[in-house]
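Data block below; observations after.
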Protein chains: 2
Amino acid sequence: MSRTLASTPREDGFRAPGEFEPKAGCWLIWPERPDTWRLGAKPAQKLFARVASAIAQSEPVTVIASRRQWQNARTVLPDAVRVVEMSTNDSWLRDCGPNFVVNDRGDVRGVDWTFNAYGGFDGGLYHPWDRDDLVARKVLEIERMDRYRAPIIAEGGGLQCDGEGTLITTEQCLLNKNRNGHLGKPEVERQLSDYLGLETVIWLPRGFAFDETDGHIDDVCCFVRPGVVALSWTDDRNDPQYEIVREAEDILLSSRDARGRRLSVHRIPHPLPIEMTAEESEGLDHVEHTWSRPAGNRIAASYINYYPGNSVVVVPEFGGELDRQAKAALAALFPNHEIVGIPNSREILLGGGNVACITLPVYAGRRNTTRSE
Amino acid sequence: MSRTLASTPREDGFRAPGEFEPKAGCWLIWPERPDTWRLGAKPAQKLFARVASAIAQSEPVTVIASRRQWQNARTVLPDAVRVVEMSTNDSWLRDCGPNFVVNDRGDVRGVDWTFNAYGGFDGGLYHPWDRDDLVARKVLEIERMDRYRAPIIAEGGGLQCDGEGTLITTEQCLLNKNRNGHLGKPEVERQLSDYLGLETVIWLPRGFAFDETDGHIDDVCCFVRPGVVALSWTDDRNDPQYEIVREAEDILLSSRDARGRRLSVHRIPHPLPIEMTAEESEGLDHVEHTWSRPAGNRIAASYINYYPGNSVVVVPEFGGELDRQAKAALAALFPNHEIVGIPNSREILLGGGNVACITLPVYAGRRNTTRSE
């Protein structure tokens with residue numbers, strides 16, 4: 001039901017939609033592994049269920065669960081959420097799942113990047129990652145969508161598209177020697193353009209400090225709509241992200257997108273620094289082949305790691321006044337959406353990501369006969 | 001996406017469709033276990049792929065494969081067949097899958113019987129069977145269909161419905177002490193009627209000799225359309241099924257269906273007796289907790305174990321002149337279908353069943369405003 005195509009999306013007239021475009025559904029993976037998720041993943045499961053329930057108000061949600069966790073996930077999640085058995089290595093579906101591409105006839109296909117768990121044996125987060133590298137294909141099978149297998153290593157969380165031919169990404173991630181450094185920037189840009197249907201790639205040199213993913217863009221900034229970017233921002237000179245957000249803003253403001261527009265940048269408060277406590281670290285299995293998360297480990301938190309659904313925007317909360325400010329800033333950018341906060345999303349963050357990292361939006365195909373405006 | 005309902009199909013106005021009714025799809029399970037399927041299941045996989053491909057001409061096919069076999073199944077099966085990961089104990093989806101029920105508004109739901117691998121610890125075929133007992137629910141989740149969990153032990157292969165309120169089944173199976181014997185016939189009949197929307201149950205005392213399932217009806221006879229039954233038949237007095245087919249025909253001819261009609265019975269040739277060879281038995285893993293299949297083991301073969309799709313009827317072949325006769329007899333009963341034989345379906349039979357046993361038709365919901373004719 002899902003063909004693997006030998007062509008590229010660009011050749012076939014497909015493009016990556018913007019994150020804000022209409023969705024047909026959303027998928028997540030139920031967290032389970034005890035070396036990523038403390039206390040047998042019970043606290044994280046509660047949070048994932050909250051995120052799934054929030055999104056289910058907006059579009060149909062499917063949660064992937066392993067054979068061992070299927071019954072438990074089915075019991076804990078509301079009826080409205082579909083639970084599908086699948087084997088995975090961890091729960092970052094944004095990254096191991098497909099990037100969807102659409103054309104103007106309403107067709108949707110998937111791009112299946114090569115996945116190496118954020119760097120393979122050179123700084124990657126876990127081994128093995130063989131099951132995660134099959135997840136995109138398995139999701140596309142269930143969705144009955146055709147597939148492109150892309151020859152470069154990438155994760156969805158490292159890619160921010162405006163749906164009109166512009167990508168924002170980081171050199172730290174995609175040009176890392178543990179991803180595609182050997183190919184060189186022009187070749188990586190060519191591949192991205194072929195598989196996402198791009199004309200312009202805006203490169204930031206790096207993502208946030210303490211980000212385990214080698215600088216995914218999805219903590220730093222994202223397109224709210226074409227020409228409009230939300231950027232995580234701090235004025236605290238002692239925050240290790242201080243220089244990074246300035247560098248990012250400078251580049252964004254000096255760039256033009258694929259349509260030749262200058263970008264409008266909206267600053268969203270950056271959360272206070274977060275560290276793993278001794279109690280939290282003790283709740284983990286500590287094993288070889290998995291990224292070490294000792295007590296005192298700094299974690300890159302960001303409100304930018306939200307999920308924009310058809311009618312809701314699901315936003316991580318960490319507690320405190322900044323939650324309110326961040327939600328107010330996002331509410332101003334999404335006046336027609338309900339802003340749904342996820343209290344205590346720290347339990348997701350402890351695993352290394354947040355709401356955006358665990359969610360895979362499936363885009364709705366739309367016929368468009370007036371695109372060439 | 002799939003609610004488990006506390007009511008019964010009868011209460012909700014649902015009925016089991018006839019096997020011949022229009023289908024929205026068909027599911028199978030990729031064979032794998034080396035104690036059921038010889039030579040690491042490679043010969044059986046070839047045959048299952050043939051069955052899946054034949055049905056895919058007629059309606060969309062989904063094949064369930066385990067994590068270990070998913071890539072292999074995806075590679076071997078044609079693109080048109082969807083491959084979905086799921087854990088199972090064996091490959092008899094007719095029996096562990098749901099029985100679908102429909103209403104006149106075009107809704108389709110599933111009945112999830114309790115499954116105990118054909119008799120549990122009292123003559124059942126394998127242990128454990130926990131994964132198989134979850135398969136019906138998992139299929140219904142993917143299909144986004146609501147579910148009834150039925151309190152009796154039954155398998156789809158033991159039930160033949162005409163879609164108009166009549167069921168044919170066997171006492172040997174459903175009233176067996178290893179299924180529902182303790183409940184008594186009236187209570188079992190009541191449950192069947194509630195969950196399949198029946199008015200009339202026609203009980204045959206037994207199914208075929210050597211049938212590992214305790215006499216499933218799906219080797220003996222089936223409805224071709226309401227009022228018309230195909231019955232496996234032999235005139236060979238030395239065939240151990242000789243008495244059984246006569247007993248069945250006598251009962252069918254003396255019964256009336258739920259609409260008060262007498263049944264028309266069409267005799268289909270019964271295959272010659274089949275025995276497992278020493279070479280075939282040696283290709284199996286021989287383990288405790290799995291039904292023993294030594295050399296010389298007699299196997300109940302039947303052409304009645306076919307799959308009637310929307311445009312094809314997929315029929316097992318065992319080699320020889322009887323194949324031709326059986327296909328001709330079925331062609332006369334299905335004049336608008338293409339009859340597709342499956343040569344060497346012996347490789348499926350060696351596992352204990354055949355085309356009908358491995359296929360789960362998903363019925364198409366149809367609005368019907370003129371049913372109360």
Side-chain angles (χ1 to χ4, degrees), chain A residues 1-6 24-30 52-53 55-56 59-75 77-89 109-110 112 128 130-147 149, chain B residues 1-6 24-30 52-53 55-56 59-75 77-89 109 112 128 130-147 149 362:
Chain A
M1 224 46 220
S2 166
R3 294 172 299 167
T4 293
L5 306 170
C26 179
W27 289 61
L28 299 87
I29 301 173
W30 191 242
S53 300
I55 298 172
E59 51 255 17
V61 173
T62 300
V63 171
I64 290 168
S66 75
R67 172 177 63 79
R68 288 175 198 279
Q69 277 292 313
W70 190 89
Q71 280 194 79
N72 179 49
R74 179 59 289 169
T75 304
L77 289 162
D79 280 350
V81 171
R82 180 168 74 156
V83 183
V84 167
E85 180 183 335
M86 198 181 292
S87 53
T88 66
N89 298 110
R109 293 176 175 170
D112 180 1
D130 57 325
R131 297 177 191 176
D132 276 357
D133 194 32
L134 284 169
V135 164
R137 191 171 187 186
K138 290 176 179 174
V139 167
L140 293 172
E141 283 277 323
I142 293 181
E143 292 281 0
R144 302 182 195 272
M145 288 180 184
D146 288 332
R147 161 184 182 256
R149 176 63 163 172
Chain B
M1 224 45 221
S2 166
R3 296 172 299 168
T4 293
L5 307 169
C26 179
W27 288 62
L28 298 88
I29 301 173
W30 191 243
S53 300
I55 298 171
E59 51 255 17
V61 172
T62 301
V63 171
I64 289 168
S66 75
R67 172 176 63 77
R68 287 174 197 279
Q69 277 293 312
W70 190 90
Q71 281 195 78
N72 180 48
R74 179 58 289 169
T75 304
L77 289 162
D79 279 350
V81 171
R82 181 170 73 157
V83 183
V84 167
E85 182 183 334
M86 197 182 292
S87 52
T88 67
N89 298 110
R109 292 176 175 170
D112 180 1
D130 57 326
R131 297 178 192 177
D132 276 356
D133 195 31
L134 284 169
V135 164
R137 191 170 188 189
K138 290 177 179 174
V139 167
L140 293 171
E141 284 276 323
I142 294 181
E143 291 281 359
R144 302 181 194 272
M145 288 180 183
D146 286 335
R147 162 185 182 254
R149 176 63 164 174
V362 181

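Letters go in sequence order (proteins before strands), and every chain restarts at 1.
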Just how far is it from atom OG1 of B:Thr4 to atom CG of A:Asp79, taken to the nearest 0.5 Å?
-> 7.0 Å
Mind checking the CZ-CZ spacing from B:Arg137 to A:Arg74? Nearest 0.5 Å is all I need.
-> 6.5 Å
Does some side-chain heavy atom of A:Glu85 sit less than 4.5 Å from a side-chain heavy atom of B:Ile64?
-> no
Kindly check if the number of other-residue, nucleotide or ligand heavy atoms within 6.0 Å of CD (A:Gln71) is above 12?
-> no
Say whether, by atom type as modelled, one donor and one acceptor occur between the side chain of B:Arg82 and the main chain of A:Ser2 under 3.5 angstrom.
-> no
With sequence neighbours excluded, residues passing side-chain hydrogen bond (donor to acceptor under 3.5 Å, both in side chains) with A:Asp112 = A:Arg147, A:Arg149
Do the side chains of A:Arg67 and B:Arg67 get nearer than 4.5 Å, heavy atoms only?
-> no
How long is the span from the CH2 atom in B:Trp70 to the CZ atom in A:Arg131, to the nearest 0.5 Å?
-> 14.0 Å
Sequence neighbours excluded, the answer for side-chain contact (heavy atoms from CB on, under 4.5 Å) partners of A:Ala73 is A:Trp30, A:Ala65, A:Leu77, A:Val83
